[in-house]
Amino acid sequence: MTIDTVVRGSVKKERLAPVTRTATRRNIAGHDLGTVDLEPSIFGIEPNQAVLHQVITAQLAAARSGTQSTKTRAEVRGGGAKPFSQKGTGRARQGSSRSPSMSGGGIALGPKPRSYRQHTPKKMVRLALLSALSDRAEINRIVVLDQWTFEAPKTKDAATALRKLKIVGTVLVVVAEGDTVVQKSLANLPNVRTSTFNQLSAHDVIRNDWLLFTDATLPGAPAADVTEEAATDA
C-alpha cells in the first residue's frame with residue numbers, strides 16, 4: 001500500500017490593507033480646526049499584538065540596570081579560621097564561618113551584575129511602533145495641534161493649553177528637534193512626557209493615554225491633507 005504525502009509550504013497570514021484614519025486638529029486655544037488625514041502606512045495598519053508584546057518586553061528588559069550583586073563565600077570578609085573543633089562538639093563539621101549554610105556567610109548561587117538586553121530585529125521594532133500608533137489612532141486618542149505659541153518656558157501656560165485641548169490622563173507630546181521652550185514648559189507636568197518622533201518607542205506610545213502631535217511633527221501628513229474650518233470664539 002502506498003501513502004501519498006502532501007507537502008505544504010509556509011502559511012502566511014493575510015493581513016488587512018492599511019486604512020485611512022483621521023485625527024482632530026485644534027489650535028492652542030482649544031478650538032477645532034477640522035480634521036487631518038493620518039498616513040495609512042503609519043497609523044492605519046492592523047496591530048500585531050504578538051510583536052508588540054515581544055518588543056515591549058525587550059524594551060523593558062533593556063531598561064533594567066542589572067547592577068544587583070551578592071557576595072559568595074570567597075568575597076565575604078572573615079572566615080579564615082576554623083569556627084570550632086572538628087570532633088567532640090556534636091555538631092556538623094565546619095571549615096569556615098562564611099559557609100552559605102551559616103549565618104553571616106556568603107550567598108550560594110546569588111545574583112550577579114548582568115545585562116538583560118534582548119536582541120530584537122529592526123523590522124520587529126518598527127512594526128511594534130507602527131502597531132502602537134495604529135492602536136491609538138483606532139481608538140481616537142491622537143490630537144494634532146497647529147503650533148505651539150509659547151514665547152518663553154512656563155509650566156502654567158502648558159497646563160492651560162492641555163486643559164483647553166480637552167486632554168485628560170497621561171499624554172505623550174511629540175516635539176520638534178531642539179524645541180527647548182516647549183520641552184521645558186512641559187517638563188514639570190506629572191502626566192506629560194515629551195519625545196521626538198525619531199526617539200519614539202512602542203512602550204512610550206502604549207504607556208500613555210494620548211498622543212499629541214503638531215503640524216510640524218506629524219509624520220506623513222502633507223499640508224494639503226489638513227482641512228481647516230473657521231474656528232468660532234466660544
Side-chain angles (χ1 to χ4, degrees), residues 13-26 35-66 115-145 148 155 158-159 161-177 179 182-221 225:
K13 181 181 178 181
E14 294 294 335
R15 293 199 171 271
L16 300 177
V19 297
T20 301
R21 297 189 174 101
T22 60
T24 303
R25 185 170 180 265
R26 299 188 177 105
T35 59
V36 56
D37 291 335
L38 302 176
E39 173 60 36
S41 61
I42 299 177
F43 298 96
I45 70 170
E46 179 186 0
N48 191 318
Q49 300 294 340
V51 172
L52 192 60
H53 177 271
Q54 182 175 342
V55 170
I56 291 180
T57 300
Q59 290 174 349
L60 291 175
R64 298 182 63 175
S65 59
S115 173
Y116 289 89
R117 189 175 300 276
Q118 303 175 15
H119 173 70
T120 309
K122 292 181 179 179
K123 289 184 178 180
M124 288 184 62
V125 175
R126 175 175 173 78
L127 177 58
L129 176 58
L130 298 182
S131 297
L133 292 173
S134 298
D135 176 76
R136 286 296 176 263
E138 185 178 8
I139 60 177
N140 297 321
R141 288 301 181 93
I142 295 180
V143 176
V144 180
L145 182 68
W148 296 103
T155 305
L162 292 178
R163 185 172 63 254
K164 291 182 178 180
L165 289 172
K166 304 174 185 177
I167 295 179
V168 179
T170 57
V171 55
L172 176 63
V173 181
V174 182
V175 299
E177 292 281 354
D179 196 349
V182 176
Q183 291 178 351
K184 290 181 178 180
S185 299
L186 299 169
N188 289 331
L189 297 178
N191 294 329
V192 179
R193 292 179 176 86
T194 60
S195 174
T196 61
F197 185 77
N198 293 333
Q199 298 296 325
L200 272 184
S201 68
H203 181 242
D204 292 334
V205 176
I206 291 298
R207 70 185 299 192
N208 291 282
D209 299 324
W210 290 87
L211 285 179
L212 179 58
F213 293 93
T214 62
D215 290 344
T217 60
L218 183 65
D225 289 344

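Heavy atoms only: backbone and side chains are in, while hydrogens, waters and symmetry mates are out.
Listed here is the closest heavy atom pair of M124 and T120: CB-CG2, 4.0 Å. Considering all non-hydrogen atoms of both residues, L200 and S195 come closest at N-OG, 3.8 Å. Smallest separation of non-hydrogen atoms from T22 and N140: O-OD1, 4.4 Å. Pairing each heavy atom of P219 with each of E39, the nearest pair is O-CB, 4.1 Å. In terms of heavy-atom proximity, N208 sits nearest to R193 at OD1-NH1, 3.4 Å. Here the shortest heavy-atom pairing between S134 and G44 reads OG-N, 3.5 Å.
Between L162 and L212 there is a side-chain heavy-atom pair separated by less than 4.5 Å. In this structure, I45 and L127 have side chains that are in contact, with non-hydrogen atoms separated by less than 4.5 Å. Within the 4.5 Å cutoff, the side chain of D215 has heavy atoms near those of the V144 side chain.
Judged by distance alone, with hydrogens and angles left aside, the side-chain atoms of S201 form no donor-acceptor pair with the main-chain N or O of L129 at under 3.5 Å. Remark: the backbone N or O of V36 is not paired with any side-chain donor or acceptor of R25 at under 3.5 angstrom. In this structure a side-chain-to-backbone donor-acceptor pair under 3.5 Å is missing from T196 to E177. With hydrogens and angles ignored, the 3.5 Å screen pairs no side-chain donor or acceptor of S131 with any backbone N or O of L52. Panel note: side chain R136, backbone I206; a donor-acceptor pair is recorded below 3.5 Å.
T194 pairs with exactly one of L172, V171, V173, V174 by the side chain to side chain contact (heavy atoms under 4.5 Å, CB included) rule, that one being V173.
With rounding to the nearest 0.5 Å, the separation of CZ in R21 from OG1 in T35 is 15.0 Å.
For R141, there are no salt bridge (charged side-chain N to carboxylate O under 4.0 Å, His left out) partners two or more places apart in sequence or in a different chain.
When only modelled atom types and interatomic distance are considered, T170 and N191 share no side-chain donor-acceptor pair under 3.5 Å.
By the 30° and 60° cut-offs, the orientation of the rings of F213 relative to F43 is perpendicular.
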Residues L38, L218; criterion side chain to side chain contact (heavy atoms under 4.5 Å, CB included); working and verdict: CA-CA 8 Å; L38 302 176; L218 183 65; 4.0 Å; yes

